[in-house]
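Notes follow once the structure below has been shown.
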Amino acid sequence: MRGRAGSVWRVLEFAYPLRWRFVGAGVLAAGTEAAGLGLMAAATWLLATAAGQPPLIALSVAIVLVRALAIGRGVLRYVERLASHDAVLRMVSDVRARIFAALVDRPPARRGDALSRMVSDVDAVQDLLIRVLLPMAAAGTVALAAVVTAFAADPLVALVLLAGLAATGVALPLLAARLARHGGARLAPLRAAYAVDTVDLVHGAADLAAFGARTEYEARGAAHAAELARVERSLARRSFAVDAAATMLGGVTAMAVLATALHRGLPGVWLAVLAVATLAAGEIAQSLLAAARKGAEIRGSLDRVAELLDHPAPATADRPDAAGTTAARAAGTPAAGTADSLRGLPVPHGPVHLRLRGAGVRYRADGPPALHGVDLDLPPGKRVAIVGPSGAGKSTLLALLTGVVVPDMGSAEVVAAAPGPRPEATPIGAYDRERWPAAVTGLLADAHLFHASVRDNLLLARPEADDAELVAACRTAGLGDWVGEHGLDVRVGEDGAALSGGQRQRLALARAVLADPELLLLDEPTEGLDPGQADEVLAAVLAHRGDRATVLVTHRLTGLDAFDEVLVLDGGSVKERGTQGWVRAHGG
Amino acid sequence: MEVVARPFDPRLLRQVPSTRRDVVLLGLLGSAVAIAVVTAAVALARALSAAVELRLDAPAVTLFLAALAARAALTSGLGVVSARMAATVKAGLRADLLAAVGRRGPGWLAGQRAGELATLTGRGLDALDGYFTGYLPQLVLGVTVPVGVLAALAFADLTSAVIVLVTLPLIPVFGILVGWQTRTATERQWHRLQLLGGHFLDMVAGLPTLKAFGRARAQVAAVREMADRHRVATMRTLRIAFLSALVLELVGTISVALVAVPVGLRLLGGGMTLAAAFTVLLLTPEAYAPLRAAGTKFHASMEGLTALDQAFTLLAAAQGAPAGGARTAPRESQIELRGVTVTYDRTTALRDADLVIRPGERLALVGPSGGGKSTLLNLLLGFTVPDAGRVLVDGADLAELDLDAWRRRLGWVPQRAHLFADTVAANIALGDPDASRERIERAARAAAFGPVLDALPQGLDTLLGERGHGLSSGERQRLALARAFLRDAPMLLLDEPTARLDAASEQAVVDATLTLVQGRTALLVAHRPALLAAATRVVRIEHGTLHELVTV
């Protein structure tokens, strides 16, 4: 667990290449606040001086100043907001690219809600700059300028002003942040508990109705909602008490400055100007309460972002410019070394012979192995079917072949085609990971459809394919008629939301077919299709494969006659294995 | 994003009546704040004009501080009342939304509505905090404070009052004009922005797929490029969107200049007292401040208003009588469907269906998916109401029966049972919280859930995660069967209890199911031949019509 400041600095490294833009935005923000303060001070000077009925010429500078500051404040604010948003959005682009690059090299662990949370966490970077740090810098600068100006008039007055501004702009915001943090920690579990209640009441509505348990669960949800409301009310009372204290403190500081200045014998006009300017400075300091609360709110998000950024930058992912090199240097990564270690051996062209020998995988050191002692020989052209209950290790076995997972025990290796200078077998992990899919890929468990056209989704598998090849792949997957009707340019929606479940599955299958690797992996390729269609599609894909190797993971026992070997996995190890005809013999 | 133009939704007062009192309280507090603002400004003006003459007007300073304290306390009070309102409204809407689910039954929740409702009720409504504690108090002050300030200004200096009176409406007018202009521009951009903004999530979600095809590294550049395009598009929108803030800012500050310069000139001519001049200077910005604050917070509170609108729309859609009546179902029930038709949005699930189920019969339903099998079960559960025809229980229309009492005689095993974030025991004893542990354990073992139970760290007391996280689909299905065993109901409705199960789980569930249906009336939706063996009759449903296949 790092300290808060650590996360902030980690994130701010991305602001460094854009430092002049941020300094510019900060100057504009300070200018805006100074203009507001100056406007009230100048207007007060104008009135207090005019009351002495001097000649008009004595007021002309003040009149121009009042008008200029009145317009200047609005214009400055507008320009500042554009400048700060532009700078921070540039920074967010860098952060996003960098986080994405870091995720590329991580084992796939995050799913669903955690993913979207991570994406919204990145938005916290935006809030950190625009709603926390820039207002702090601007308010600090203006407050400092006000204190220095007051010092020129009288040191004691400046001291009173400094004390008042420090209490309003430092002590109270710290308190507000503390309360916000504390409140967030109290609310988060209550909100989570209530969210679970609503999921149960809404998604479990049928079960509750059928079993007459609705009243009981409704009462539980209502109790959580009431407790949530009670805590929210008590937190709001405290938070508004801090606001009230800040308002009051502003007035007290102004009066204290007025009394001190009077006591020190400053001229009458300046007394009024100092009092009004102090009130205006107090209001600027009060705005830091919101910044402090925002800072407390985004703290968790920033920590998570910083944790992701700590992952060493893969050199190939970095743009060869200031941002990229700075980030790489900051992470302490020798760029050249990373590139070499990632490249790996060139992936062989043509058929490959893969082999698992006593392969085992243990995801957690204290847990049971996900896969244990698996032997599997995959010479070119072999067709293997893997069956077994969910959680048996089927997908882990495929992950060994794609190289996403490295065996903890035994080996997953490529057997050399002929005796030669090379060793007899080379681990899969030694090959260039980015190019390994040319040898082994397919339709894997978490196949994702991108929010893009059918064509773009297919081209992912083989960027150089022409339309005729795309349509042919779709036809193999049983999507030919649909593509004929809708074309390749139709967009598929978020993760294929615009498609039916069956179309979605067929499109993912078409993509795997198009990839046309030496060894095709198919993880439940016909899930969501009805049995007749499933057999048809599987037959078409196998026909298309011809004499090249295929590994199929399935829970259906039909249509396995076409496979050379059937493996039954259970609890991570091979329970049974058989050759052609095994399924018939076992009555499936 | 849906834009709700109204700053206050009057449906709120109808839906959550306790807010009426709070709205009145907000108005009173707002008026009191206006008085405190005016008093503080007048007192401060007196203190300042005395100071210019090098005098300390102690009563004026005291009055200023007292008025300021009152202002701070009252404004906080305003915030506290708003926060209380937010908490009350959220709790009220949550209860109403969940009660609507209970009243309309699960049939109403079909499809997307369930997800939307769960999100809205859970976290969506929390967006109301921003609206209530940020925007609403400023809106109230935006009415009361300008009125108070104008009255005081008219008293101090009529000319200045006229200037403020003329410029003040510019804030809402320009706000609406610019907002309207922004909206058309934003709407044009919105689709594009959303596409670009969603790209990162899409890429991250699809990362395993990108890796599987060796395209991940190539996409890093694409992620950066899309983020850059997102920035350019966003900036184009912001340039217009920030104009509204510019206008709000300018109207406020320029008015200060507009008021201060003539007042200064009149002071020069001796036509005004310094105290009156200071009063005008200090009061003028106060007139604009609440409206400006409301303006800057309006955008942030939009999300809350949208959530509110969503909640009211859902509640309006949930209007309607609860399903069922008050009659008790007769004991030995023969069930009859007479000319039942059920239509969904576009498809007809059942067409003019007739069917009689006699006590003790075990009826298997077969047919392609989407043929109407689950609809038939939902009809008997009272989740779906026929669009035409009647469902009769010993001659009594199901629509007139007390549904809770009727359902007590049904045991239901759905395709995908919902498991609750509760103990395993509570999940099995759903609807029968007083069941003894022996009975629960017996039901679990009968449903082939025994081995699972033995493997769980705390057995029956093991807490399941959200939606039963921690159990595999086969284990969940056996738990659902255990519910039906414990229910011990005379009639069973089983909806493909073995769908999506692997071979080992399937055999266990089939065996348990065969035990369960012995001696009971049962309606089984089945794909697998193993379950069909338990049936005394088989009915095929295709395209919403029934065909009797075999009578054993």
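Predicted, not measured: the structure shown is a model, and the values here were computed from it. A, B, ... follow the sequence lines: proteins, then strands. Residue 1 opens every chain.
Proximity to chain B is absent for every atom of A:L443, based on heavy atoms less than 4.5 angstrom apart. Heavy atoms of A:R511 lying under 4.5 Å from chain B belong to its backbone as well as its side chain. Residue contact with chain A, scored on non-hydrogen atoms closer than 4.5 Å, involves the side chain of B:D129 exclusively. Both the backbone and the side chain of A:L460 come within less than 4.5 Å of a heavy atom in chain B. Contact annotation for A:V92: neither backbone nor side-chain heavy atoms come within less than 4.5 Å of a heavy atom of chain B. When heavy atoms are compared at a cutoff of 4.5 Å, A:L46 approaches chain B solely by way of its side chain, counted from C-beta outward. With a threshold of 4.5 angstrom between heavy atoms, B:R483 approaches chain A through its backbone and through its side chain. Neither the backbone nor the side chain of A:A226 comes within contact range of chain B, judged by heavy atoms closer than 4.5 Å. In this structure, the portions of B:V261 lying under 4.5 Å from any heavy atom of chain A include both its backbone and its side chain. Proximity to chain A is absent for every atom of B:L493, based on heavy atoms less than 4.5 angstrom apart. Residue A:A222: no heavy atom, backbone or side chain, is found under 4.5 Å from chain B. In this structure, the portion of A:L39 lying under 4.5 Å from any heavy atom of chain B is its side chain and not its backbone. Looking at A:R230, neither its backbone nor its side chain comes within 4.5 Å of chain B, counting heavy atoms on both sides. Heavy atoms of B:L44 lying under 4.5 Å from chain A belong exclusively to its side chain. Using a 4.5 Å cut-off between heavy atoms, B:D432 does not touch chain A at all. With a 4.5 Å cut-off on non-hydrogen atoms, B:F278 touches chain A through its backbone and its side chain both. Using a 4.5 Å cut-off between heavy atoms, B:F383 touches chain A through its side chain atoms alone. Within the 4.5 angstrom heavy-atom criterion, atoms from both the backbone and the side chain of B:V52 approach chain A. In this structure, chain B has heavy atoms under 4.5 Å from both the backbone and the side chain of A:L201. For a residue to count as touching a neighbouring chain, one of its non-hydrogen atoms must lie under 4.5 Å from one of that chain's; by this rule A:R81 touches chain B with backbone and side chain alike. If you measure heavy-atom distances from B:Q219 to chain A, the contacts under 4.5 Å come from both the backbone and the side chain. Of the atoms belonging to A:M248, heavy atoms from both backbone and side chain fall under 4.5 Å from chain B. For chain A, no part of B:R408 is nearby; none of its heavy atoms comes within less than 4.5 Å.
Using a distance-only test at 3.5 Å, with no hydrogens or angles considered, no donor-acceptor pair links the side chain of B:E249 to the main chain of A:R73. A donor-acceptor pair under 3.5 Å is formed between the side chain of A:D207 and the backbone N or O of B:H418. One N or O on the side chain of B:R487 and one on the backbone of B:L410 form a donor-acceptor pair closer than 3.5 Å. Listed for the B:N427 side chain is no donor-acceptor partner under 3.5 Å among the backbone atoms of B:L419. Between the side chain of B:T284 and the main chain of B:V256, no donor-acceptor pair closer than 3.5 Å is present. At distances below 3.5 Å, not a single donor-acceptor pair connects side-chain atoms of A:S239 with backbone N or O atoms of A:L235. Between the side chain of B:D202 and the backbone N or O of A:F450 there is no donor-acceptor pair closer than 3.5 Å. Between the side chain of A:Y78 and the main chain of B:R239, a donor-acceptor pair closer than 3.5 Å is present. Side-chain N or O atoms of B:R407 include one that pairs as donor or acceptor with a backbone N or O of B:L381 at under 3.5 Å.
The most heavy-atom pairs under 4.5 Å with chain B, out of A:A512, A:A210, A:A272, A:A515, come from A:A210. The residue among A:R90, A:E216, A:R237 with the most heavy atom pairs within less than 4.5 Å of chain B is A:R90. Heavy-atom pairs under 4.5 Å with chain A peak, among B:G269, B:A257, B:A260, B:A51, at B:A51. Of all the listed residues (B:A218, B:A212, B:A47), the one sharing the greatest number of non-hydrogen pairs under 4.5 Å with chain A is B:A212. Chain A forms the most heavy-atom pairs under 4.5 Å with one residue out of B:L267, B:V251, B:L268, B:L207, and that residue is B:L268. Residue with the most contacts toward chain B among A:L258, A:V199, A:V276: A:V199 (heavy-atom pairs, distance under 4.5 Å). With chain A as partner, the option from B:M203, B:R266, B:E53 having the largest number of non-hydrogen pairs under 4.5 angstrom is B:M203. Top candidate by heavy-atom pairs under 4.5 Å with chain B, chosen from A:A42, A:A51, A:G265, is A:A51. Between chain A and the options B:T133, B:L210, B:T75, B:L56, the largest number of non-hydrogen pairs under 4.5 Å is found for B:L210. Listed options A:G250, A:G251, A:P55, A:A246 were ranked by heavy-atom pairs under 4.5 angstrom with chain B; first place goes to A:G251. Ranked by non-hydrogen atom pairs under 4.5 Å with chain A, the options B:T209, B:L48, B:L68 are led by B:T209. Ranked by non-hydrogen atom pairs under 4.5 Å with chain B, the options A:A261, A:P54, A:G52 are led by A:P54.
Shortest non-hydrogen contact noted between B:D228 and A:S93 is OD1-OG, 3.4 Å. Across all non-hydrogen atoms, the minimal contact from B:A421 to A:R220 is O-NH1, 4.5 Å. Across A:A244 and B:S76, no two heavy atoms sit closer than the pair CB-OG, 3.1 Å. Minimum interatomic distance between A:L47 and B:V263 (heavy atoms only, all atoms of both residues): CD2-CG1, 3.8 Å. Looking at every heavy atom in both residues, A:A35 comes nearest to A:L76 through CB-CD1, 4.3 Å.
In this structure, A:R191 is not positioned above the aromatic face of A:Y194 in the sense of NZ or CZ being under 6.0 Å from the six-membered ring centre and within 45° of the axis.
For CZ of A:R67, the number of neighbouring non-hydrogen atoms (other residues, nucleotides, ligands) closer than 6.0 Å is 12 at most.
Centroid-to-centroid, the aromatic rings of A:W436 and B:F213 stay 6.0 Å apart or farther.
We find the CD-CG distance between A:Q53 and A:L59 to be 10.5 Å, quoted to the nearest 0.5 Å. Taken from NZ in B:K90 to CZ in B:F132, the straight-line distance is 10.0 Å, to the nearest 0.5 Å.
Salt-bridge check for B:D404 with A:R214: failed, with every basic side-chain N at 4.0 Å or more from each acidic carboxylate O.
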